[in-house]
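Take a look at the structure below.
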Amino acid sequence: MEYTVPMREEYPFYLEPLNTEQRRAVLHTGKPLLILAGAGSGKTRVITTKIAWLIREQGMDPRSILAVTFTNKAAREMAERAILIEPRAGEAIMRTFHSFGAWFLRRNGNLAGLDSSFVIYDDDDVVSLLSGIMENAPKPEVKQCAHNISRAKDYFLSPSDPLLASIDSRKKFRAIYASYEERMAQIGNVDFGDLIKKPVEILRDQPEVARRFRERFKVIMVDEYQDANVAQFHLLKELCGPDTYVCVVGDDDQSIYRFRGAEVKNILEFPDRFYGADIIRLEQNYRSTNPILKAASSVVDYNRGRLGKTLCAEKGDGPLPVLTYLPDQDEEAKFCAEKIESSVKKKETEWQDWAILYRTNAQSLGFETLFLRMGIPYRVVGSLKFYEREEIKDALALLSFLVNPRDEVNFRRMVNKPARGVGLVTVDKIAETADSYGGNLIEAGRNTELTQKARTGLNAFFKVIEDARALLDGEKDGDEKKSPAKKKRKGLVPGTGLSACISKIVKDSGIAEYHETRDDVTGNNKLNNLQELINTASNYPQTREGLLEFLENIELDQARLDNASQDTQNSVTLITFHNTKGLEFKRVIMTGLEQGIFPREDKRGEELEEERRLFYVGATRAMDELYLTSCLMRRMYGKTMPMQPSLFLREIDASCLQINRVVRGFETGQPMARHSFNPYNFDNDKEKNSRLEKSSGWRRGQRLFHENYGYGAVMEVKDSEDGPVVRVRFDNGKETRFLSEYQGGAFEKMGDDY
DNA sequence: TAGTTTTAAGTTTTT
DNA sequence: CTTAAAACTA
């Protein structure tokens, strides 16, 4: 590639826009490097520039560069941006940890007894498999176990590891984990944890393989290193030879996946684990205004055990973040909608400049219904996962079984759906026989004595699988035309490539029809979803490898399908705090800032610190303006509960926050002094309440003390057949009710100091 | 056994 | 209030 752009000064032109520290990071070589990159400090620019620089200036073969991220979106973005500077960067391996693991195992899995046509089990599949092992155990326990196994793998713990007790102290856990591993090996599939753990094991046991990989990858870069778990750390270690150049980028303040095994220690201890490492700090923030940055930092400052940094806002001053107290979540949604709409109408912003952040996916519902009614375009990022829907899982289960006839979980799911007269008894019988056929359920099914009904149904099922297989293996049969009369219903459009195969199996298996008739009843559009799935497959070749790739991409990258089904153009973004990492918006509204919601009630110590970091991540997404909302009441599980403002609101530096109060949808317009607002001042409540409060002698917000339970506050006073009932929540989180007339004596009123 | 009705339970966050 | 699991009926 010839470059005609003249080089100015001493650096290549593409280094021009970088600041001193960024440039140092790009030009650094020779030792391990830890880049501590604060929010909005341009770390993606540094990584992509570094990749390009290595290729262009250092003569590095792009194929010897490995760049690892945590989300597929980040990987794609990295590739796109690197290619803009240097087209050959497209040949570098840029993947998520998990997709790298899958890539590795497809090639080297046989060394660990893994067939290359393995399928990746998601959490639901894992639970199905486990419930077969833990017979008649209650579902929640099975789920807990699945979770713990997953955690164990994150920490690189095998069933025999003495440290396993630190994950799950129950004696039987070790045995459950062991037989889970055994069953999984029989089936020949892997779970998410295996995608990291197994490659490490192979690299350790097979020096030859390790040597090959160390020879190939001269440079390894890891993005979002603060989210790496222990197993991922080991993988990185194993891939690094003495001459490998390692560069990790991260921000300890943005570590928000501890619950999933992420270890902040990885980043804190990097200099110890990679001897002689250099550290470069990127503290210049290019995204947000000063007040936004200061508000965010002042909260995360309450955390202990952080590396600490001082972010400096390049943008300088701007409007203060605005906190608004609202009566309830309906008003909250309305407040957001009106704020956004008026700004867009004034041509001040566009829809896409706005993001609404919430802690749990369930909170999106209120915004969605209102936005739909008001005609505000929106997109929901990553909530109801497309691939988790029943009809999609059904289709994928069939396809998975098609590639791996040992897949008992998916066999059980689909063999009798729709009903073919193959019941539980039959399936158990086949599963038992399967042991003598190397786990192959098709062989086993053929050779098992069955009732006539079961035999007919089973053969029909196998016929579907086989026809689809024939299609994959290249036998072009004319089956498509054989039964045109049968598919006269509006039906599915086959499409090209792999789509044809999927379309065929979805139709022939009766899954399409099954969900179509159910659509008629429920009014869902499951058939459309299936069509969507079929469409996305059209870019894959109609081969066994194509199918494997398709399944893998879906398992590891659900977001792609999600986005395909939504209009992502110019619309407001509804998103969880977790999902915002790596994104930025001109204007951000952080909603539901109430104790119990954010932070969640049960969070303390290290977990509370993680919630704080999550707050920090959310706030630093905002470029120009930041809004915060907190509700006095919230409907949960169909009941309305009084809420308290989030702890984090108190932690925000007073000098960078403006507080407003909104009552019944109308702004008072008066900025309030920091502590003058008492969310438990219900002087606007209806007469009914004051009457109740008078007759009961209790009012909402009243502090009280009980001998046995300690301190608490009145949440609600209600009428009942036996007179006024007072509902109390104690400071330890427990709740109780009492009848003011009879039981009131046990509760001592305290002075109210809010 | 299949499909329906009733009852209970429950909301983090995700590769 | 919504969804999943258990219980029940045909």
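All values derive from a computational prediction rather than experimental measurement. Protein chains get the first letters and strands the later ones, always in sequence-line order, with residue 1 at the start of each.
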Practice task
Calculate the interatomic distance between A/Q144 atom CD and B/dG10 atom P; express it in whole Å.
Solution key: 13 Å

Practice task
Quickly work out the A/L608 CG to B/dT12 P distance and round it to whole Å.
Solution key: 17 Å

Problem - Between A/S255 and A/D252, a side-chain donor and acceptor under 3.5 Å - result: no

Problem - A/T360 side chain, from C-beta outward: closest of B/dT13, B/dT15, C/dA5 - result: B/dT13

Problem - Interatomic distance, A/L195 CG vs B/dT15 P [rounded to whole Å] - result: 13 Å

Practice task
Look at the side-chain N and O atoms of A/T640 and state whether any lies under 4.0 Å from the OP1 or OP2 oxygen of C/dC1.
Solution key: no

Handout entry: Short side-chain N/O contact from A/N229 to OP1 or OP2 of B/dT15, under 4.0 Å
Key = no

Handout entry: Phosphate contact (B/dT14 OP1 or OP2) by A/N579 side-chain N/O below 4.0 Å
Key = yes

Handout entry: Mutual orientation of the aromatic rings belonging to A/H98 and A/F192 [parallel < 30°, tilted 30-60°, perpendicular > 60°]
Key = perpendicular

Exercise for the section: Would you check if the distance from the ring center of A/H578 to the ring center of A/Y358 is below 6.0 Å? Expected result: no

Completion exercise
From the candidates B/dT15, B/dT13, B/dG3, the one with an atom nearest any side-chain atom of A/H578 is B/dT13

Handout entry: Length of the CG-P vector between A/L357 and B/dT12, whole Å
Key = 19 Å

Exercise for the section: Compare every heavy atom of A/L441 with every heavy atom of A/E408, then report the nearest pair and how far apart it is. Expected result: CA-CD1, 3.6 Å

Problem - Distance in angstrom units between A/R258 CZ and B/dT13 P, rounded - result: 18 Å

Problem - Between P of C/dA4 and CG of A/D124, the distance in whole Å - result: 10 Å

Practice task
State yes or no: are the ring centers of A/F577 and A/F598 separated by less than 6.0 Å?
Solution key: yes

Practice task
For A/V425, answer base if it contacts any base atom (sugar-phosphate contacts may also be present), sugar-phosphate if it contacts only those atoms, and nothing otherwise; contact means non-hydrogen atoms under 4.0 Å.
Solution key: sugar-phosphate

Fill in the blank from the handout: Assert: residue with more 5' nearest nucleotide on DNA chain B, out of A/T426 and A/T576, is A/T426

Practice task
Look at all strands and tell whether A/F70 reaches a base, only sugar-phosphate, or nothing, counting heavy atoms closer than 4.0 Å.
Solution key: sugar-phosphate

Exercise for the section: Check every strand shown and say whether A/D227 touches a base, only sugar-phosphate, or nothing at a heavy-atom separation below 4.0 Å. Expected result: nothing

Practice task
Please report, rounded to the nearest Å, how far the C1' atom of B/dT13 is from the CD atom of A/Q363.
Solution key: 12 Å

Problem - Watson-Crick or G-U wobble partner of B/dT13, both distances under 3.5 Å - result: none

Problem - Face-to-face stacking of A/F259 with B/dT13, centres under 5.5 angstrom, angle under 30° - result: yes

Exercise for the section: Once you apply the 3.5 Å cut-off to both distances, tell me the Watson-Crick or G-U wobble partner of B/dT7, or none. Expected result: C/dA4

Practice task
Answer with base, sugar-phosphate or nothing: what part of the nucleic acid does A/D191 contact at a heavy-atom distance below 4.0 Å?
Solution key: nothing

Problem - Base B/dT13 paired with A/R260 side chain (donor-acceptor, <3.5 Å) - result: no

Exercise for the section: Apply side chain to side chain contact (heavy atoms under 4.5 Å, CB included) to A/L66 and A/F100, showing your working. Expected result: CA-CA 9 Å; A/L66 170 65; A/F100 174 79; 3.8 Å; yes

Practice task
Rounded off to whole Å, could you give me the CG-to-C1' distance for the A/L551 and B/dT15 pair?
Solution key: 17 Å

Handout entry: Under 5.5 Å and under 30°: A/Y257 stacked on B/dT13
Key = no

